[in-house]
Amino acid sequence: MDRPMGEQNTILVIGATGNVGRHVVAQLHSEGTPVRALARDPDAAALPDGVDVVRGDLTEPEGLAAALDGVHSVFLVWPFYSADTVAPVVAAVAAHARRVVYLSAHGAQDDGGAHNSFGAVELAIEATGLEWTFLRPVGFAANALGWAADIRADRPVREPYAEAARSMIHERDIAAVAVRALTEDGHTGAKYLLTGPAALTQTEQVRTIGEVVGRDARLEELPREVAREQMLPDWGDGAIVDGALDYWASLVTDPEPVTDTVHEVTGTAARSFADWAADHAAAFRPSTAEVAETYVAAFRALDLERAMRVMSPEMVRVAPLETGGEHVEVRGIEDIMANAERLTGDYDIHSVDVDGPYLAAERFAVRFTFDETYTPTGKRHSTTKMSLYTVADGSIVREEVHYFDEPQVVQ
């Protein structure tokens, strides 16, 4: 345990496939530091090439010795609500390593005693001879990924205490601090309170995501009793749920603190919540399949407004048989809608049959059959066309129209 770092400098990351641990592994590896990653299923870990991924499980601490062999420092994530089984894990770490950096939480200890399971793990580590550093982040910005399905589907996000203000932190910043504490001296005994650069209400967080990804994201406040009922199945313990709700309630009038610790430790300012949203934009934009299903469902319901919500304002439409056989592009929603009004002005459309969508990578096709009457002659007929759509960044950016039945009149 007293060997110099140069002789024993491998770092073991426990929790290597999680939001933070994955970035700790990547950042250590990019710096050329020997890193070993603990995973229950190494084949599914999807970590950078060259990382030593070993099998291990914190519920089986007796199997950790092999993973800890030759390790100098350990990054530890404790993934359980209870700390009842942490003692043998900490003992295994202390028997092999010299340093541990533990991903704890804001408010882990209260007056020297464990305030929650995070605090209990801290106390267990403090009782060893390890050099320790505790990272105490406030809420993870990554928790906002729980809103992704609603934002992609244009549904309101529903949360209790909409005006609770949190200084959410990017997981990359937590990892950056962890890497410095793992690889540098001078961090022993530190309890780093880690935050983002500003406190934003939940309403502001949702609005920021919408602005970054170009969607109409909005939040509706959920009554506390409804939120509690929804949380219980996943959280399990009513006392933990009530504690979380009480904490969020307190943030309405007493926002989470904002610190400069990330900058002080790493030399780089903490990323903003908007930065985080930009890094995760794909999660909040609908997939091609989701865009296609929304678009087709809107047409089947004759809900043009809903269809337009998945169309880019800069969308391009190409329909040669509507423009005398010329390849003319109509650009922008306003011009496309004006063109549609021009083309359908002399038609009464009785119904639209919609087939599809037919998906292929970032494109989808839809076949429309219109039952319509050309009012100047009173002739009723059907017109069928196939439209091929291209999707980018969660919106339709191009439509190419191919008619089976040539439009009766090209105006």
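Values in this document were obtained by computation on a predicted structure and should not be read as measured data.
In this structure, D393 has no side-chain hydrogen bond (donor to acceptor under 3.5 Å, both in side chains) partners at least two apart in sequence or on a different chain. Under the rule for a side-chain hydrogen bond (donor to acceptor under 3.5 Å, both in side chains), D41 has no partner lying at least two apart in sequence or in another chain. With sequence neighbours excluded, the residues that form a salt bridge (charged side-chain N to carboxylate O under 4.0 Å, His left out) with D52 are R36. Listed by chain and residue number, nothing satisfies the side-chain hydrogen bond (donor to acceptor under 3.5 Å, both in side chains) test with D216 (two or more places apart in sequence, or in another chain). For the ring-ring contact (aromatic ring centres under 6.0 Å, His included) test, no residue two or more places apart in sequence or in another chain qualifies with W147. Every residue two or more places apart in sequence or in another chain that forms a side-chain hydrogen bond (donor to acceptor under 3.5 Å, both in side chains) with D150 is listed here: R155.
Looking at every heavy atom in both residues, F118 comes nearest to S104 through CB-OG, 3.6 Å. Residues F364 and P357 approach most closely at CD1-CB, 3.9 Å, considering heavy atoms. Minimum interatomic distance between H381 and Y347 (heavy atoms only, all atoms of both residues): CE1-CE2, 3.9 Å. In plain terms, the two heavy atoms of V291 and S395 that are nearest each other are CG2-N, 4.4 Å. Shown here for A283 and A148, the closest heavy-atom pair between the two residues is O-CB, 3.3 Å. Contact record, L68 with A92: CD1-O, 3.4 Å, taken as the closest heavy-atom pair.
T59 is not listed as a side-chain neighbour of T85, based on a closest heavy-atom distance of 4.5 Å or more.
Although no hydrogens or angles enter the test, the distance criterion places a donor-acceptor pair under 3.5 Å between the side chain of R22 and the main chain of A45. D173 places a side-chain N or O within donor-acceptor distance of the main-chain N or O of R271, the cut-off being under 3.5 Å. Checking side-chain atoms of R166 against main-chain N and O of L200 turns up no donor-acceptor pair under 3.5 Å. Between the side chain of W78 and the backbone N or O of S82 there is at least one donor-acceptor pair closer than 3.5 Å. Panel note: side chain T183, backbone V179; a donor-acceptor pair is recorded below 3.5 Å. Formation of a donor-acceptor pair under 3.5 Å by the E256 side chain with backbone atoms of A198 is not found in this model. At least one donor-acceptor pair under 3.5 Å links the side chain of Q202 to the backbone N or O of Y161. One N or O on the side chain of S117 and one on the backbone of Y81 form a donor-acceptor pair closer than 3.5 Å. Using a distance-only test at 3.5 Å, with no hydrogens or angles considered, no donor-acceptor pair links the side chain of T201 to the main chain of A164. Side-chain atoms of H280 come within 3.5 Å of backbone atoms of W276 as a donor-acceptor pair (strictly under, hydrogens ignored).
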H170/D279 under side-chain contact (heavy atoms from CB on, under 4.5 Å): CA gap, chis, key distance, verdict
CA-CA 10 Å; H170 198 307; D279 286 345; 2.8 Å; yes
Evaluate the criterion salt bridge (Lys or Arg N to Asp or Glu O under 4.0 Å) for residue pair K191 and E126; output intermediate values, then yes/no.
CA-CA 12 Å; K191 300 176 180 180; E126 287 177 339; 3.5 Å; yes
Verdict with reasoning, Y358 to V366, per side-chain contact (heavy atoms from CB on, under 4.5 Å):
CA-CA 6 Å; Y358 305 101; V366 182; over 6 Å; no
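Atoms CZ and CD1, from F75 and I14 in turn, are 10.0 Å apart once rounded to the nearest 0.5 Å. Atom CD1 of I349 sits about 10.0 Å away from atom CG of D371, to the nearest 0.5 Å. The structure places CD of E163 at 7.5 Å from CD of E221, a figure rounded to the nearest 0.5 Å. Here CG of L219 is found 6.5 Å from CD of E159. Values are rounded to the nearest 0.5 Å. Taking CZ of F134 as the reference point, atom CG of L76 lies at 9.5 Å (rounded to 0.5 Å). How far CD of Q27 is from CZ of R180: 8.0 Å, rounded to the nearest 0.5 Å.
Annotation for E264: atom CD counts as buried by contact number, over 12 foreign heavy atoms lying within 6.0 Å.
When the options I174, T261, T259, V177 are evaluated for a side chain to side chain contact (heavy atoms under 4.5 Å, CB included) with I169, the one that passes is I174.
Residue pairs satisfying the salt bridge (charged side-chain N to carboxylate O under 4.0 Å, His left out) criterion with at least one member in residues 75-90, sequence neighbours excluded, are absent. Each ring-ring contact (aromatic ring centres under 6.0 Å, His included) pair with one or both residues in residues 190-218, not counting sequence neighbours, appears once here: H187-Y192. Within the structure, side-chain hydrogen bond (donor to acceptor under 3.5 Å, both in side chains) pairs that include any residue of residues 291-303 comprise Y295-Y389 (at least two apart or interchain). Pairs passing the salt bridge (charged side-chain N to carboxylate O under 4.0 Å, His left out) check and including a residue from residues 127-148, sequence neighbours excluded, read R98-E131, R99-E131, E122-R136. Within the structure, every pair that satisfies the salt bridge (charged side-chain N to carboxylate O under 4.0 Å, His left out) test and touches residues 234-243, not counting sequence neighbours, is listed here: R228-D242.
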Show me the side-chain donor-acceptor pairs of residues 304-311 shorter than 3.5 Å, one per line, residues at least two apart or across chains.
none

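The pair E329-R398 meets the salt-bridge criterion, with a side-chain N (NZ, NE, NH1 or NH2) lying under 4.0 Å from an Asp/Glu carboxylate O. Using a cutoff of 4.0 Å between basic side-chain nitrogens and carboxylate oxygens, R152 and E290 are scored as salt-bridged. Ionic pairing of R55 and E60 is not present here: no N-O contact between side-chain nitrogen and carboxylate oxygen is shorter than 4.0 angstrom. A salt bridge between D246 and R224 is present, with a side-chain N of the basic residue lying under 4.0 Å from a carboxylate O of the acidic one.
K385 forms a cation-pi arrangement with F368, by the criterion of a distance under 6.0 Å to the ring centre and an angle within 45° of the ring axis.
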